[in-house]
Each structure stands twice: as structure tokens, then as C-alpha cells.
There are 2 protein chains.
Amino acid sequence: MMNPTRGIKSRRTRPAKDPLSREIIVQTAYELLKKQGIQGISMRRVAKELDTGPSSLYVYVKNFQELCAFVLDYGLGQLVLPTSAEGSWKERLFDALDAYLMLLFEQPGLAELSLTTIPMGTNSLRLIEFILSALYEGGVSSKAAAWGADLFLFYVSSTAFEHVSWKQDGNDHMSVIKQSFQMVNPVHYPLIASLKEELFSGDTEAKERFRWGLEVILQGILKTRH
Amino acid sequence: MMNPTRGIKSRRTRPAKDPLSREIIVQTAYELLKKQGIQGISMRRVAKELDTGPSSLYVYVKNFQELCAFVLDYGLGQLVLPTSAEGSWKERLFDALDAYLMLLFEQPGLAELSLTTIPMGTNSLRLIEFILSALYEGGVSSKAAAWGADLFLFYVSSTAFEHVSWKQDGNDHMSVIKQSFQMVNPVHYPLIASLKEELFSGDTEAKERFRWGLEVILQGILKTRH
DNA sequence: ACCTGAACACCGTTCAAGT
DNA sequence: ACCTGAACACCGTTCAAGT
């Protein structure tokens, strides 16, 4: 029997570097996300940016999904929440959600992440706690507050994602969809045909539409006693 | 000067087959999605299933994103909408959204698609038209109906996606998140700590929670005059 | 017009080997 | 414990060549 390791030489071309850390990995990934959008974030790109191989990251991060969860939470660190002194609970709630939406607008990669990733870390906990406390102050029952917070967060994510995919694609996929709504057969789909403008309300109405949705969800929560 | 094509032999090993069609491509992709979930759908897998190369698909589909849009719409073809004879407009609206949710539950790959893809085709138009007509019957203004339909559809998608990612991952990513909520520091996040059960309401409450959300959105729409 | 093979430029993840 | 190189099994997309 031959020793299978016989004759194998070291493949190393350089000595091992200083240890990485989860923080520097997440930071680097966030920087890439900021610069290049959702395309810029991958295990291999982060590794290359840190001048190492992708396998090195797996010591600090279980997989790509977990990296995304940390990156999203890291991005949420930018969020400035209103202090409890300013305005009514409703104003504070809406201001916080507005700030969250603005953050997702500024970093379009974050909007996409927020839709499919549950963030992991203290920054998302901070945001959730803030929403719960506002609703609690508004006299919302505990179950409705928990479920309502989820609903609000999802509404923000979906609004941001819609907005982002509407403009990043530019002149391609989205304009095809817009066209197919414009050309819809009024005999088969009379309401869609007559409401096509409203269904595809553009950039100018975006703020008004978002505000309307917040109001709808809040009024619904207040009205729907559990 | 040498002719650059000189010496290049045909690389063909078999004659060209019958033409494909968009329909058969979308059908095949949907079948793969059904059998293997979101992982099963890719240009290369669909091509292999059709015994051809991935480049062949680009005659009928602009890119992967467009394929997904067609597949989602194709899946929506399974949806059975209530006839206008049965029940009140509200019952019909909720029944339709319930049926949509059930469809997304049965085909978990579809739930993921529905969150990030705008469907393209007649089946999604059918669903939107149905929701609009129910809201119209309920006396909702046209703008609120358009925006509300969007809100309802997104709510269904997000509910299905949450449910799917909760169980498909099985014992991995989701249980880590669940644990981090269980262990949250009650000093820093008192409301999260006290509401951790409600924030993570399990399978048993899923139906109740979904119903609550529908009620919230509808009541909100009816209350929030534009 | 549409099919075919090959290439280009990527992915996430694993693992033996080395320090 | 953690870094390293290489491999494995994939991606979407493009393009010259062929029918």
C-alpha cells in the first residue's frame, strides 16, 4: 500500500495573514453592496476584497444567507430613530418608517435584501422595539402590536423594492410590464384598463402612496380589535 | 492574411431538432419548480430537461427574469376564483386571496417567485381584475382600489414566503433566528422579550394571523378616504 | 429563423494541507 | 484555530457556426 500523501508538496505561496473577523467581513460586504448594488455582494467578491479565498470566510459566517442577514442589520445601523420627546406616538411611528424607507432608497441593494432576508443583530431589534413601543403607547393590544409591526416592516420593504426594481432596470423589464398594462384589453379587463394610471403611479405619487399605505395599516390595526 | 475560418469543422454531433416554443419552455420550468423548488429552476436545467443547450431558450425568452415572470403567471393559472354569485363582495375577495395563499403554500417555489417577480400574462391580470371588481362593489374609490389591490397581493406573497422559508430551511437558519428572539435581553428590548411568542406565532396561528391581516388592510382601506 | 457547441465570467461550498 | 489552494458542481449570457 502506498501512502497517499507521499509526494504532495505544499501549495502555499505566501504565509498566513492576520485573522479576519466577522465585523470586517460584514463591513466589507456592506461597502460592496453600497458601491455595486446587490450584484456586488458575494462570498467570492468579499473574499477578494479582503485579499483571501472564499473558504476563509466560513470561519466567521455559516453561509451566504447568514452573511446577508448580518449585512442587512449592519445597514440598519445607519437608521436614526426619533427620540421619545418629539411629537405624538403616531408621528414618531411614521417618521421612523419614513426614515427606514429613505435608507432603503439610498442603498438600493439593501431594499432587495430586506425583502428576502430576516436581519440578525441589535439594529433590527432596535427598530422592532421602537415600533412596538409606539403602538403600545397608542393602546394597541400586544398581539396586534406584534403582528402589526411585522406588517409595517414588510410594507416598507416591498415599497422600497418596487421602487428600486422600477428604476434600476431602467429601460428593460419594467417598461415591458408597463407597456403590457397600457395595452390591456378593456373588454376582458375593464377595471385594469380604466385604472392603469393608478396601478402604475409613478415617482411623483410615490410619497403620497406610501403615506396612504401607512395610514391604511394603522387605521386597520386600530379598528380591528382582536 | 489567413482566412480565420479555415480549418474549422462543424461541431454539430446531431441534426437540429423541432423548434421549441415559449409555452413548452415555461411549462417545463414550472414542472421543475414544482418538483425541486426554487433551486430547480434555471436556464440550464430547463434546457437540459428539453435536451438542448441553454442558448436555445433565448429565442423565446429575453432572460431568466422574464422566464420567471412567465412561470409565475403560468402557476397562477391554477387559481380558481369564486364566481360572482357566491357570497358578499368581501367574502369573495377574502376567498380569492385565501385561494392564492393556498396555491403559494402548495408550490413553495412559487411563493419565493411571487415576492420578487412581477408576473406577466393573463392569469395575473385575471386576479387583479377580480380584486378590483370586489373593491369596486364595496364602494372603494378607484385610487384606493388600485393601491389596495397591490397591498393585498403583496401581503399574500409575504405571508407565503415567510411560511415557506420557515419550514424549508428546517432546522438551520430559521431556528437560529428564533433562538435569538428567545434569548433577547429584556432590559434593552422589554417589549420584544414580552412579545416573543406573538412575534413568532407558529403554524397553528398562521391562518388566524393571515385573516387578521386581511381584515386590517380592508378596514384600513374603507376607513382611509383619499 | 432557430438550433448547436463552446466559451466567458462568474457563483456557493467543501476539504485536505499547512501553520 | 484559522488561513490557503484547489476542486466540485453549478450559474446566466453571448456568439460564431451551421441548417
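Throughout, a chain's letter reflects where its sequence line sits, starting with A, and its residues are numbered from 1.
- Annotation for B/Gln39: atom CD does not count as buried by contact number, only 12 or fewer foreign heavy atoms lying within 6.0 Å.
- Side-chain contact check for B/Met120 versus B/Tyr74: every heavy-atom pair is 4.5 Å or farther apart.
- Relative to the side chain of A/Val59, the nucleotides D/dT13, D/dG12, D/dC2 differ in distance, and D/dC2 lies closest.
- In this structure, the nucleotide among C/dC11, C/dA7, D/dC2 sitting nearest to the side chain of A/Arg44 is C/dC11.
- Protein atom OH of B/Tyr58 is 7 Å distant from nucleotide atom P of D/dG12, rounded to whole Å.
- Nucleotide D/dT13 holds its P atom 9 Å from the CD atom of B/Gln65, rounded to whole Å.
- Of the residues B/Val61, B/Leu57, B/Val59, the one that meets the side chain to side chain contact (heavy atoms under 4.5 Å, CB included) test with B/Leu20 is B/Leu57.
- Residue A/Leu50 contributes atom CG, which lies 17 Å from atom C1' of D/dG5 at whole-angstrom precision.
- At the heavy-atom level, A/Ser56 lies under 4.0 Å from base atoms of the strands shown.
- For A/Arg45 and C/dC11, the shortest distance from a side-chain N or O to OP1 or OP2 is below 4.0 Å.
- Annotation: side chain of B/Gln36 is not in contact with side chain of B/Ile41 (no heavy-atom distance under 4.5 Å).
- Here the separation of C/dA9 from D/dA9, taken at their P atoms, is 23 Å to the nearest Å.
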Under a cut-off of 3.5 Å for both distances of each Watson-Crick or G-U pair, what dot-bracket string does DNA chain D give, using [ ] for crossing pairs and | for inter-strand pairs?
||.|||||...|||||.||
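- Annotation: C/dC2 and D/dA17 have their C1' atoms spaced 13 Å apart (nearest Å).
- Taking the side chain as every heavy atom from C-beta outward, A/Asn123 and A/Leu72 never approach each other to under 4.5 Å.
- Ring orientation note: the planes of A/Phe210 and A/Tyr155 are close to parallel, at an angle under 30° on the 30°/60° scale.
- Two residues, B/Leu57 and B/Pro54, neighbour DNA chain C, and the one matched to the more 5' nucleotide by heavy-atom proximity is B/Leu57.
- If you check D/dC3, D/dT13, C/dC11 against the side chain of A/Pro19, the one that comes closest is D/dC3.
- Residues B/Phe70 and B/Tyr30 place their aromatic rings such that the two centres sit no closer than 6.0 Å.
- Residue A/Arg22 contributes atom CZ, which lies 17 Å from atom P of D/dA1 at whole-angstrom precision.
- In this structure, CD1 of A/Ile25 is placed 13 Å from P of C/dG12, rounded to the nearest angstrom.
- Straight-line distance from the CZ atom of A/Phe64 to the P atom of D/dA9: 22 Å, rounded to whole Å.
- The phosphate of C/dC3 (OP1 or OP2) has a side-chain N or O of B/Tyr60 nearer than 4.0 angstrom.
- Nearest heavy-atom pair across B/Leu50 and B/Thr28 is CD2-OG1, 3.5 Å.
- When the side-chain nitrogen and oxygen atoms of A/Ser55 are compared with OP1 and OP2 of D/dT4, none of them lie within a distance under 4.0 Å.
- Across the protein-nucleic acid pair, A/Gln39 atom CD and C/dC10 atom P stand 11 Å apart, rounded to whole Å.
- C/dC10 atom C1' lies 16 Å from atom CD1 of A/Ile41, rounded to whole Å.
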